[in-house]
Amino acid sequence: MNEALDPLSALPIRDDLRGRSPYGAPMIDVPITLNVNENTHPMPQEVIDAITAEIATVARTLNRYPDREFTALREELADYLGHGLKPENIWAANGSNEVLQQLFQVFGGPGRSVMSFVPTYSMYPLLADGTNTRFIAGKRAPDFSLDATSAVTQIQKHRPNIVVLCSPNNPTGTGLGLDVIEAVYEAMQEHEGVTIVDEAYAEFAQDTSAHALTLLPNRPRLVVSRTMSKAFAFAGARLGYFAADPAIADAVRLVRLPYHLSSVTQAVAIAALRHREGLLANVQDIRTQRDRIVKTLKEYGLHPAVSDSNFIFFSGLRDEKEAWQWLLNDGILVRDNGIAGHLRVTAGTASETTAFLESLKKYLEHSGELPASC
Ligand code: PMP
């Protein structure tokens, strides 16, 4: 590409970043946004009031740097997670993207590698690029599932320094069995690698007890990453965190920027955690909307994957790009993950979900794909 077409080519950027593209989920201003797996339900007024009060209090302290160790926040997060976790097991940053970046900075880097199993969360290769860590794209079965034997065989072949297991997986939505996580951890132990389980959507799982926090005891190189962006409806506040052996949190201190979590972030996250009952009350309705989408898509003759998350990945479309555009014309933004015949949609409020299902039905009628029984 010449300079006029690619202005970056004139800059002395790192050679390994040349030709790369930044994260780019489309940001289009439409009435119904179901493309980035946000929590679309409105925040309860009592939580808005609590957050506003905290901001008023913290405003008086903004001349000072924040608590660099965010101790009160770590206490709240440990209390929320339970499982006997203590503040020293917890680390937090500005979104789980930053948490993952810090982990890649410490355990990856030049000459090292990170493996994940594609299709998976599109940020993993980008975070690998940014930290100069080689990304190894592990494979899944044709139905996008991943079993212990396949994962272990691939790990033994590549011996990555880090493996990231996304569970429930984005974009497919399905959770991993704990047997797979246990087997992967054992395989990583053989060469002293670090296993990260990204549980950004854990609270939406069909079986909420089957998560990797239960595996933390006696596994000092296991990290469970979580976020307040999804179930807590807190994506705009940017608060992600992990639970692990305290030594892992200590290691991350080597790369974090001093005072990386602002006083405002800490205060609003604490307020949200203290009002978690009200915030998490919407999770059940999101599950209901998700299950409704799965059921209706099947009636439409489409094939939704099992979803443990707040989104549904479905196949069976003859032309996913045309379907995506049809929905957009109706003011509904969903995600095209670049996988033929598939789209991904976030479970919305009841009325957003209805609008999506009705628009898609009209599209399938128009394209002649809707079963006669429907
Ligand atoms: N992990 C997964 C699997 C995700 O889908 C996302 C966001 N879409 C994240 C991590 C990052 O979320 P955040 O930085 O908002 O915590």
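All heavy atoms count here, side chains included; hydrogens, waters and symmetry mates do not. Ligands are counted one by one from 1 in listed order, and the atoms in each one are counted from 1 as well. From a predicted model like this one, the values you see are computed outputs, not experimental measurements.
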Any side-chain heavy atom of Glu54 within less than 4.5 Å of one from Ile51? no
For atom 12 (O) of ligand 1, grab the closest protein heavy atom and report residue, atom and distance to one decimal in Å. Ser96 OG, 3.3 Å
Contacts of Glu369 meeting side-chain contact (heavy atoms from CB on, under 4.5 Å) (sequence neighbours excluded), chain-then-number -> Arg318, Tyr363, Leu364, Ser367
Answer yes if the side chains of Gln154 and Ser150 hold a donor-acceptor pair under 3.5 Å, and no otherwise. yes
Could you walk me through whether Phe311 and Tyr201 pass the ring-ring contact (aromatic ring centres under 6.0 Å, His included) check? CA-CA 9 Å; Phe311 58 89; Tyr201 301 94; 4.9 Å; yes
So for Asn97 against ligand 1, with non-hydrogen atoms under 4.0 Å, the contacting part is both
Pull out every atom of ligand 1 sitting under 4.0 Å from any heavy atom of Lys230, numbered as shown with elements. 7 (C), 8 (N)
Using a 4.0 Å heavy-atom threshold (strictly under), name the region of Met228 that reaches ligand 1: side chain, backbone, both or neither. neither
Between the side chains of Tyr23 and Asn97, is a donor N or O closer than 3.5 angstrom to an acceptor N or O? no
Arg140 to Phe144, cation-pi by 6.0 Å centre distance and 45° axis angle: no
Verify the distance criterion only: is there a donor paired with an acceptor across the side chains of Asn170 and Arg344 at less than 3.5 Å? yes
In ligand 1, which numbered atoms sit nearer than 4.0 Å to a non-hydrogen atom of Ala200? 1 (N), 2 (C)
Quick note on ligand 1: atoms under 4.0 Å from a heavy atom of Arg238 include exactly 13 (P), 14 (O), 15 (O)
Check ligand 1 against Ser229 and write out every atom of the ligand that is under 4.0 Å from a heavy-atom position of the residue. 13 (P), 15 (O), 16 (O)
With a cut-off of 4.0 Å, which atoms of ligand 1 are near a heavy atom of Tyr201? 3 (C), 4 (C), 5 (O), 8 (N)
One finds that the ligand 1 atoms under 4.0 Å from a non-hydrogen atom of Cys166 are 3 (C)
Backbone or side chain, does any N or O of Thr227 fall under 3.5 Å from an N or O of ligand 1? yes
Only distances under 3.5 Å count here; give the side-chain donor-acceptor pairs of residues 39-48 to other protein atoms, sequence neighbours excluded, each with its distance to 0.1 Å.
residue	atom	partner	partner atom	Å
Asn39	OD1	His41	N	3.0
Asn39	ND2	Lys230	O	3.2
Asn39	ND2	Ala231	O	3.2
Thr40	OG1	Thr349	N	3.2
Thr40	OG1	Glu352	OE1	3.2
His41	NE2	Asp285	OD2	2.7
Gln45	NE2	Asp49	OD1	2.9

For Asp198, the ligand 1 atoms whose distance to one of its heavy atoms is below 4.0 Å: 1 (N), 2 (C), 3 (C), 10 (C)
